[in-house]
Protein chains: 2
Amino acid sequence: MNPTRTTLSRRDQILREAARLFAERGFHGVGVDEIGAAVGISGPGLYRHFAGKDAMLAELLVGISGRLLTEGKRRVADAAGPEKALDALIRGHIAFAIDDRPLITLHDRELDRLRESDRKLVRQLQRQYVEVWVAVVGRVHPDATEREARSAVHAVFGLLNSTPHLGAEATLPGRAAMSELLRRLALGALDALDSTKDWRVTY
Amino acid sequence: MNPTRTTLSRRDQILREAARLFAERGFHGVGVDEIGAAVGISGPGLYRHFAGKDAMLAELLVGISGRLLTEGKRRVADAAGPEKALDALIRGHIAFAIDDRPLITLHDRELDRLRESDRKLVRQLQRQYVEVWVAVVGRVHPDATEREARSAVHAVFGLLNSTPHLGAEATLPGRAAMSELLRRLALGALDALDSTKDWRVTY
DNA sequence: CGAGGACGTTAGCGGTCGTTAACTGGTTTC
DNA sequence: GAAACCAGTTAACGACCGCTAACGTCCTCG
C-alpha cells in the first residue's frame with residue numbers, strides 16, 4: 001500500500017540513480033537513456049516523472065542544499081554552547097558527505113547547469129548554510145576576522161567533502177574511523193585560527 | 001624571434017582558455033567553437049594545433065599532474081628536515097591552487113573524460129604525488145597510521161583546493177593573506193594527527 | 001620569383017541527445 | 001463493465017557538436 005516504506009518510489013529511484021550517474025560522469029556526460037536503463041525503464045519513460053533532465057538536477061541540488069541548511073540550523077539550536085555547536089555542525093556535515101557522496105559532489109560541481117531561478121535558490125541556501133557556520137566559528141575563535149572565518153569555513157568544507165575523491169572503499173578506514181578522523185582534522189584546522197599574529201613563527 | 005618570452009604562443013593561448021572554459025562549464029559543456037572564439041579564431045582552426053578536444057584536456061591534466069609531482073619532489077629534496085619539507089609542500093600546492101585555479105579544478109573533476117591511456121598516466125602521477133606527501137606526513141606525525149596519513153593528505157588537498165569555490169575575489173583576502181591562512185589551516189589539520197588515542201576527550 | 005608550409009576560413013557530414021508524439025497494457029473508479 | 005488514468009513502449013524530429021574536406025592567404029626561403 002505504502003510504496004515509500006521500505007521500497008523507494010519510482011521517482012526516488014530515478015533521483016538516486018541520476019545523482020550517482022551525474023556525479024560519476026557529469027551532467028552533460030549522462031544521457032536520459034542511461035538514467036532510464038539504471039532504473040529498468042527506457043529513456044523517454046522518465047518524462048512521466050520529471051519535466052526534463054534539468055528538473056532532476058534541480059530537485060537534487062535544491063534538496064541537498066535545503067537539507068544541509070535545515071539540519072545545520074537544528075543542530076546549532078540544540079547545542080549547549082558554541083563548541084558543542086561547532087562539533088555538531090562538523091558531525092552533521094560529515095554524515096552527509098559520507099552517506100550522500102554523489103550529492104555532495106554534485107552540490108559544488110554542477111550548480112552552473114541549473115536554470116537561473118533554481119541556481120539563485122540553491123546559492124541562497126548554500127549562503128545561509130555558510131552563515132550558520134561562520135557565526136559559530138566566530139564565537140569559538142573570536143581572534144579571527146569574519147573574512148578569515150568565512151574562508152576557513154569554505155576550506156573546511158573542502159576538507160570534509162574530500163571523501164568522494166577517495167575512490168575505492170577497500171583502502172579506506174571504516175565509516176566510523178573515517179568520520180572520526182575527518183572530525184579531528186576539521187577541528188584541528190579551525191584551531192589554527194587562534195593566535196593569528198605570531199603563529200608558528202619558527203617557520 | 002622567441003614567441004614564448006612575453007607573449008603566449010597560440011597553442012598556449014588555446015590551452016589557457018580551454019582550461020578556463022572547461023573549469024567553468026565542464027568538459028562536455030564547452031564546444032570547440034567557444035574555445036576558438038576565446039582566442040579569436042573559429043572552431044575548426046583549433047585542429048591545426050591539437051588532434052581534438054580530448055587532446056587539449058589530456059595535455060592540461062598531464063601537465064598539471066606532472067608539474068605538481070616534479071615541483072613536490074624538488075621541494076622535499078631541497079628541504080632541511082621533514083617539518084620544512086611539509087611546509088614547502090604546502091606552500092607549493094597553495095601556489096598552484098591560487099595561480100592555476102582552473103587547472104586545479106579540472107584536475108580532480110574531469111579525469112574520467114580522458115582516454116584510458118592518458119587517464120592511467122595522470123592517475124599514476126597523482127598517486128606518486130600523494131606518496132610524496134604521505135612519506136613526509138608520516139615522518140612529521142609518526143603516531144598516525146599510514147592509512148590515516150593517506151586520508152589526511154587527501155583531506156588537506158581538499159582544503160587547499162577550496163580556493164576556486166570562493167567565487168568573487170572581492171570578498172577574498174589578498175593573495176598573500178589567503179595563502180598564509182590556508183597554510184596555517186593545513187598545518188593545523190595535520191597537527192590533529194598527533195596523540196591519536198585520547199584526542200579531545202572532552203567532546 | 002615561385003614553391004611550400006603554417007595558419008586560417010566556410011561548408012557540411014555523421015552521430016548523439018533531449019524531447020515529443022502516438023500508442024498500449026494494466027489498474028482504479030464509478 | 002466501461003471510462004479514466006497511470007506508467008510504460010517505440011519512432012522520429014530537430015538541434016547541436018566534434019570533426020573533416022576543400023579552399024585561401026601570407027610568410028619564408030632557396
Side-chain angles (χ1 to χ4, degrees), chain A residues 1-5 7-61 106 110 112-119, chain B residues 1-5 7-61 106 110 112-119:
Chain A
M1 295 299 173
N2 182 356
T4 65
R5 176 64 70 93
T7 274
L8 268 67
S9 74
R10 172 65 19 129
R11 218 184 127 83
D12 291 339
Q13 278 183 56
I14 295 171
L15 284 176
R16 162 118 96 189
E17 295 303 308
R20 184 179 57 81
L21 290 168
F22 290 161
E24 279 174 13
R25 298 210 284 282
F27 180 68
H28 290 299
V30 180
V32 290
D33 289 352
E34 298 178 73
I35 303 173
V39 298
I41 73 181
S42 233
L46 297 171
Y47 287 75
R48 295 285 159 196
H49 304 276
F50 293 93
K53 200 180 149 191
D54 301 343
M56 299 179 207
L57 183 63
E59 188 153 329
L60 287 171
L61 293 192
L106 291 181
E110 308 281 359
D112 298 325
R113 281 58 158 179
L114 255 48
R115 290 181 13 238
E116 166 80 9
S117 61
D118 292 324
R119 193 170 51 233
Chain B
M1 297 300 171
N2 181 357
T4 65
R5 175 65 68 93
T7 273
L8 267 66
S9 73
R10 169 82 356 143
R11 218 185 129 83
D12 290 339
Q13 276 184 56
I14 295 170
L15 283 175
R16 162 118 95 187
E17 294 303 308
R20 185 178 56 82
L21 289 168
F22 289 161
E24 279 174 12
R25 299 211 284 282
F27 180 69
H28 290 299
V30 180
V32 289
D33 290 352
E34 299 178 73
I35 303 174
V39 298
I41 71 181
S42 233
L46 297 171
Y47 287 76
R48 294 286 163 197
H49 304 276
F50 294 93
K53 200 179 147 191
D54 301 343
M56 301 179 206
L57 182 64
E59 188 154 329
L60 288 170
L61 294 192
L106 290 180
E110 307 282 359
D112 298 325
R113 280 59 158 178
L114 254 49
R115 290 181 13 238
E116 166 80 9
S117 61
D118 291 325
R119 192 170 54 233

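Numbered from 1 within each chain, the chains take letters A, B, ... in sequence-line order. Quick caveat: nothing in here was measured; it's all calculated off a predicted structure.
Straight-line distance from the NE2 atom of B:His49 to the P atom of D:dC19: 15 Å, rounded to whole Å. Here the P atom of nucleotide C:dT19 and the CZ atom of A:Arg48 are 15 Å apart, to the nearest Å. A:Phe50 places its CZ atom 15 Å from the P atom of C:dT20, with the value rounded to the nearest Å. Taking atom CG of A:Asp54 as the reference point, atom C1' of C:dG18 lies 9 Å away to the nearest angstrom. The distance from atom OH of B:Tyr47 to atom C1' of D:dT20 is 9 Å, rounded to the nearest whole Å. The distance between atom NZ of A:Lys53 and atom P of C:dT16, rounded to the nearest whole Å, is 15 Å. Atom CZ of B:Arg11 is separated from atom P of C:dA6 by 14 Å (rounded to the nearest Å). A:Ile41 has its CD1 atom 14 Å from the C1' atom of D:dT10, to the nearest Å.
Counting all heavy atoms, side chain and backbone alike, A:Gly29 lies closest to B:His28 at CA-CD2, 3.7 Å. Contact between A:Lys53 and A:Phe27 at its shortest, heavy atoms only, is NZ-O, 2.9 Å. Smallest separation of non-hydrogen atoms from A:Asp118 and A:Ala58: OD2-CB, 3.5 Å.
Counting non-hydrogen atoms of neighbouring residues, nucleotides and ligands closer than 6.0 angstrom, the CZ atom of B:Arg16 reaches no more than 12 such neighbours.
The phosphate of C:dA6 has neither OP1 nor OP2 within less than 4.0 Å of any side-chain N or O from B:Arg10.
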Got a list of side-chain donor-acceptor pairs under 3.5 Å for residues 31-44 of chain B, not counting sequence neighbours?
unit_1, atom_1, unit_2, atom_2, d
B:Glu34, OE1, B:Arg25, NH2, 2.0
B:Glu34, OE2, B:Gly31, N, 3.1

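With sequence neighbours left out, the side-chain hydrogen bond (donor to acceptor under 3.5 Å, both in side chains) criterion links A:Arg11 to A:Glu59.
Contact check of residues 14-37 of chain B against DNA chain D (heavy atom, cut-off under 4.0 Å) returns B:Val30, B:Gly31, B:Val32.
Here A:Gly52 lies in heavy-atom contact (under 4.0 Å) with sugar-phosphate atoms only.
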